[in-house]
Amino acid sequence: MTIGTLYFIGRGRGVRDPKMQEFYIITIFITTIAAAMYFAMATGFGVTEVTVGDEALTIYWARYADWIFTTPLLLLDLALLAGANRNTIATLIGLDVFMIGTGVIATFSQTPATRIAWWGVSTAALLVLLYFLVGTLSESARAKSPEVASLFGTLRNLVIVLWLLYPVVWILGTEGTFGILPLYWETAAFMVLDLAAKVGFGVVLLRSRSVLERAVAPTAAPA
Ligand code: RET
């Protein structure tokens with residue numbers, strides 16, 4: 001995450017257009033927050049236990065502290081690329097904070113049934129959010145330019161595939177209480193997902209300066 005941050009800082013050097021700078025600033029914050037939260041988890045700060053029945057679950061709560069800030073920032077990157085309006089941005093971020101918030105309730109609930117019920121609520125919010133990405137946001141991206149629409153399409157597909165895997169890892173992992181995926185493998189899976197969803201996403205987004213220039217160029221007023 002730190003290497004990703006340094007790479008994005010390097011790529012952003014010399015960018016003078018304030019609208020273009022927004023993409024770099026947002027993306028740099030995403031990996032900076034993640035690097036800090038991973039450091040917290042590695043040093044034992046971001047970890048606690050929750051008792052479910054007679055079992056003590058190890059909870060890495062710093063993950064959720066990371067996601068509550070980084071997932072809205074990822075969506076903001078996508079929304080700025082697509083040229084979405086304020087209402088669309090607010091709806092997306094609202095759904096996202098609701099998703100992570102209810103995911104936190106799921107994580108700290110003390111019975112398997114309530115944990116799974118809140119997981120269901122959170123997953124439903126994720127599905128509605130992805131529906132907005134496919135519908136409203138893709139439509140705004142198409143109205144920009146073919147290059148912007150194509151970059152948006154790549155990032156949107158990356159988000160759909162990766163984000164859908166988070167609830168799967170959660171429910172199969174220790175949090176789901178089914179005990180299918182041991183903590184070690186769950187941790188490894190979240191790490192790979194986090195790297196791909198943050199650093200991978202940022203590399204693709206910031207790869208082409210010319211596409212970002214097109215994204216921030218004012219679109220012609222409709223006749
Ligand atoms: C939880 C558990 C409950 C159900 C759902 C979840 C979704 C989490 C997601 C996280 C995305 C994180 C990203 C991080 C960094 O880049 C909270 C695991 C739906 C979608 C993209």
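Since the model is a prediction, treat every value here as computed from it, not as a measurement. The first residue in the sequence is number 1, and the count goes up from there. Read the numbers this way: they start at 1 and go in the same order the structure lists the ligands and their atoms.
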J.: Between W118, Y166, F69, which one has a non-hydrogen atom sitting closest to atom 11 (C) of ligand 1?
T.: Y166

J.: Who's closest to atom 6 (C) of ligand 1 heavy-atom-wise, of S122, A106, G103?
T.: S122

J.: Hydrophobic clustering (ILVMFWY, side-chain heavy atoms < 4.5 Å, transitive) - are I105 and V128 grouped together?
T.: no

J.: Indicate, with yes or no, if I33 and L205 share a hydrophobic cluster defined by side-chain heavy-atom contacts under 4.5 Å among Ile, Leu, Val, Met, Phe, Trp and Tyr.
T.: yes

J.: Need the ligand 1 atom indices (1-based, order shown) with element for anything under 4.0 Å from a heavy-atom of T123.
T.: 4 (C), 19 (C)

J.: Any heavy-atom pair between the side chains of L183 and L57 that's under 4.5 Å?
T.: no

J.: Examine L127 and L193 and state if one hydrophobic cluster contains both, with Ile, Leu, Val, Met, Phe, Trp and Tyr joined whenever side-chain heavy atoms are less than 4.5 Å apart.
T.: yes

J.: Counting only heavy atoms, which portion of L74 has something under 4.0 Å from ligand 1: side chain, backbone, both, or neither?
T.: side chain

J.: Rounded to the nearest 0.5 Å, how far apart are CG of L92 and CG of L130?
T.: 9.5 Å

J.: So, are E22 and K19 salt-bridged, with charged N and O less than 4.0 Å apart?
T.: yes

J.: Hey, which atoms in ligand 1 end up nearer than 4.0 Å to a heavy atom of M99?
T.: 9 (C), 20 (C)

J.: By number and element, which atoms of ligand 1 are closer than 4.0 Å to a non-hydrogen atom of A197?
T.: 16 (O), 21 (C)

J.: Report, in ascending order of atom number, the atoms of ligand 1 lying under 4.0 Å from any heavy atom of P167.
T.: 4 (C), 5 (C), 19 (C)

J.: Counting both backbone and side chain atoms, is some N or O of D194 under 3.5 Å from an N or O of ligand 1?
T.: no

J.: Under 4.0 Å from any heavy atom of K198, which atoms of ligand 1 are there?
T.: 14 (C), 15 (C), 16 (O)

J.: Check each of Y60, W170, W185, W67 against F190 using the ring pair (Phe, Tyr, Trp, His ring centres under 6.0 Å) test, and report the only one that passes.
T.: W67

J.: If the threshold is 4.0 Å, N to carboxylate O, is there a salt bridge linking D66 and K198?
T.: yes

J.: Checking contacts here: is it the side chain or the backbone of T71 that comes within 4.0 Å of ligand 1, counting heavy atoms only? Could be both or neither.
T.: side chain

J.: Taking only heavy atoms of W163, which atoms of ligand 1 are found under 4.0 Å from at least one of them?
T.: 20 (C), 21 (C)

